[in-house]
Protein chains: 2
Amino acid sequence: MRPTVHDIADTAGVSLATVDRVLNDRPGVRGVTRAKVEAAIAALGYVRDVAAANLAKSRVYPLVFILPEGDNPFMRGLEAEVRRAGLHSASERTRLSVVTVPAFDAGALAQAIDGAIAENVSGIAVVAVDAPEVSTAVGRAHAAGIPLVTLVSDLAGSGRDHFVGVDNIAAGRTAGSLMGRFLGGRPGPVAVLAGSMRVRDHRERLEGFCAAMAEMPVARAILPVLEGQDDPARSRVLMSECLAAVPDLAGVYSLGAGNQGLVAALADGERDDICVIAHELTAHTRAALEAGTIDAVLNQDAGHEVRSAIRVLRAKADGLPVIAAQERIRLDIFIKDNLPAGPDEDDGN
Amino acid sequence: MRPTVHDIADTAGVSLATVDRVLNDRPGVRGVTRAKVEAAIAALGYVRDVAAANLAKSRVYPLVFILPEGDNPFMRGLEAEVRRAGLHSASERTRLSVVTVPAFDAGALAQAIDGAIAENVSGIAVVAVDAPEVSTAVGRAHAAGIPLVTLVSDLAGSGRDHFVGVDNIAAGRTAGSLMGRFLGGRPGPVAVLAGSMRVRDHRERLEGFCAAMAEMPVARAILPVLEGQDDPARSRVLMSECLAAVPDLAGVYSLGAGNQGLVAALADGERDDICVIAHELTAHTRAALEAGTIDAVLNQDAGHEVRSAIRVLRAKADGLPVIAAQERIRLDIFIKDNLPAGPDEDDGN
DNA sequence: GAATTTCTGATGTACGTAAATCAGAAATTT
DNA sequence: AAATTTCTGATTTACGTACATCAGAAATTC
C-alpha cells in the first residue's frame, strides 16, 4: 500500500495536523519539525492522493478559453471541442467556458485576459495574437498566479506557462518538403496564402516553408504572400487574381484558414493541375482532399489540443508536473488515403 | 453543485441504502422502487463521482500487457512505455505488468492469456497473433468477465472488447500512395519486406499498399513478399538477394520490423537511390530518415497506444463508456522535416 | 391470521485528505 | 518569574461513495 499522511505522522513522530501544515505550506511549524516531516515524506516516498485531496477540498477549476470570433472553421472546431470536453468536465471538477474576441485584435484579446483575471479563474487558454499588449496582459495573469497557456499560436517572451500546439516551423518545412517532392521537376512558381503575418503561427509556417523549398534540388520561385485575413471572400479574390496573373503557377501553400476561398478560386479558374497543400482538416479541406483539389492537409487535432490544455492548466493549478511526452501535439499529415472517419461517422464503441 | 446520492434519496423519497442498491445493481429492491430511484437519477442528471467511488472502493486495477519477445525495437518501445506508464500508475490505482511470449507463437500467446485469466487480473492487453487458439483464449477471458483489448494487431471475429491501434489497411494505402507520388514517372518494380503474413496488421498493410499502387496512373510491378520474421539478419539476407536479383528496383515498402536489416542491405548494395517507406519510428529508422536512406516513416505512437489501452481497460472494468474520438490511434507520417524531438531530448516542461 | 420471505430504512465505518478548533507545550519577551 | 507569543497535538467534521449490519415494514405464502 502506498503511504498516507498518517504514516508520515507516525514515522516523523508528529501529529496529523503538523503533517498537514507542512504539506500545504501553512504557517505554524518550527524549522526542525518541518525538516523531520519532510525527511519522513522523502523516506516513505509519499505522494499526495490527488483524488482524495480534491474530494476533500471539493474544489472546482473554472477554466476560460479565449478564441477568435468569425467563421474560421478550425476555431469553431476548437470551440466545439471545448464544449464537448465540458460535457465530461463535471466528473473532473472542471468548469469550462469560452470567450470569443475579434480575430487578430490584440486590444480586445488583452481585455478578455484581464476579464478572466478579474473573475479569478483557475486557468486561461488563449489563441495568442503576437503583440505587446497581449504580452503584458499575460504578465498580469502570471502576477496574479493564474496559469495561462497559449493555444495554437504562441507568444514570444511572455510569461505563458506552456504552449499547446504544433511546432509551426516544422509544419512549414514539412509542407515545403512535400510540395517539392510532389512537384518533382515540374516548372513554375509557388503561391502562399496566409491569414495574417501578425500571428506567430502563420509567420513560423512561412519561414519553415521557404527554408525547405530553398533546400530542394530544383530552385523554385515563391510569390509574395497573400494575406486573406482568414476571410473566405477576401481569400477567394486574392487567389483568383493570382491565378489570372500567374498562368504557370505550379503550387499553392495555404497556411491559414482561407481554404474555402482557395478552393472556390481554383474551381472558378478550372485549375485542378496545381499542387495544393493546406492546413487544418475541416469539412472544406476534407472534401477538397477527397476530390483531388487539395493534395495534402497538415492538421493539428483540435480535440487533442483542448484536452491537453485542460490537463496542463489543471496540473499547473495543482502545482503538479506536466508530462511533456503526453502533451506534445503532433502534426498530422493527411492525404486522400489516410483520412480518418469523419466526426459524424464515429463508431461509438 | 452537482447532485449526490443524498439528493437522489431525497427526491425519490427513499433511503440512501436503497439508492446505493440501485446504483450498484445489488439485489433487494422492488421494481416500483427501483423505477422511482431511476427516475430521480435521470431527473437530477446524476453522475457518479468516480474519484470518490474509487477512493471508497480503494480498488486497484491489475492490468497485464502481453507482448512478443525478441529485439523488435517497436515492441521494446511499447514495453518501455508500459513501464513508464507504470511510474504514474500508483496515483491512478492501476498496477501494470508485462508478460513476453515468443513472437508469432499462437500457442504460447494463448497460454499467457489463460495465465492472466487465472490470476484474475482486471484487464488484458495483447498484441495478437491471428490464430484460432488465440481467439478461443480471448473467448475464455470474455467468459470470465475480464476486459481484453488487442494492441497493434487485431484478431478477427473474437470477443475482444476493443482494438487499440491504427487502421492498417489505410496505413498500407498511405504507403502506396506516397510511394507512387515520390517515384513519379520513374520505372522499376517495388519490393515489400514484411515480418510474417501470420499477423493481421502485416496482411492488412500489404493489402492496402497493393490497392493504392494499383490505382496509380503509372502501372508498377510489386515483387513477391519477403518474410523476414522481423529478424535483422534474415531481413538483411532476403533484401540483399533481392537487390542483387533486381537491378532496376525502384522502391521498397518495409511494413514490419525488419528495418535494421533493410538499411544494412541498402548500405551493402550502395543503393541510396531507392525510394524507401518504412513503418515505426525507432532509432534505426530515425537515423535512416535523417541520412536520406528512408524517405518516409509511418508510425503509431507507442506511448499513446499504451495510455489508450489503459484508459479503455479501466473504463471497461468500471463499466463506463469509451470516448471513441479520444481513443482513435492516429497514423503519423514522418519525413525528414517533421521528425519530433527524440526521447532523450525532451524539454521536460 | 400466523409464519415466512422479501424488501426497505437507519446507521455506521471506511477510503485519504483538508481544514478548523481548542488545549497544552515550548519558546520568547517583558 | 510571569506574561506573552509561537508552535504543536489531539480531535472532529467534511467531501461523495461503497459496503455491511440490523431492525422493521411490506408483501407473500401457508
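Just so you know, these numbers come straight off a predicted model, no measurement behind them. Each chain gets a letter, A, B and so on, in the order its sequence line appears, and its residues count up from 1.
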What I'd like to find out is whether the side chain of A:Leu16 reaches to under 4.5 Å of the side chain of A:Val5, using heavy atoms alone. yes
Phosphate contact (D:dT8 OP1 or OP2) by A:Arg34 side-chain N/O below 4.0 Å: no
Touch check for A:Asn54, heavy atoms < 4.0 angstrom, all strands: base, sugar-phosphate only, or nothing? nothing
Under 4.0 Å between a side-chain N/O of B:Arg26 and OP1 or OP2 of D:dC19, yes or no? yes
Just by distance, no angles: are the side chains of A:Asn299 and B:Arg330 close enough, under 3.5 Å, to form a donor-acceptor pair? no
State whether A:Thr18 places a side-chain N or O below 4.0 Å from either non-bridging phosphate oxygen (OP1 or OP2) of D:dG9. yes
Please report the shortest heavy-atom distance between A:Leu96 and A:Gly86, naming the atom on each side. CD1-N, 3.6 Å
Taking 4.0 Å as the cut-off, does a side-chain nitrogen or oxygen of A:Arg21 come that near to OP1 or OP2 on C:dA18? no
Do the non-hydrogen side-chain atoms of A:Leu67 and A:Leu151 ever get within less than 4.5 Å of each other? yes
Whole-Å distance separating the CZ atom of B:Arg30 from the P atom of C:dT5: 19 Å
Would you say a side-chain N or O of A:Thr4 is under 4.0 Å from OP1 or OP2 of C:dG16? no
Using a 4.0 Å heavy-atom cut-off, does B:Ala53 contact any base of the nucleic acid, only the sugar-phosphate backbone, or nothing at all? sugar-phosphate
Answer with base, sugar-phosphate or nothing: what part of the nucleic acid does A:Gly31 contact at a heavy-atom distance below 4.0 Å? nothing
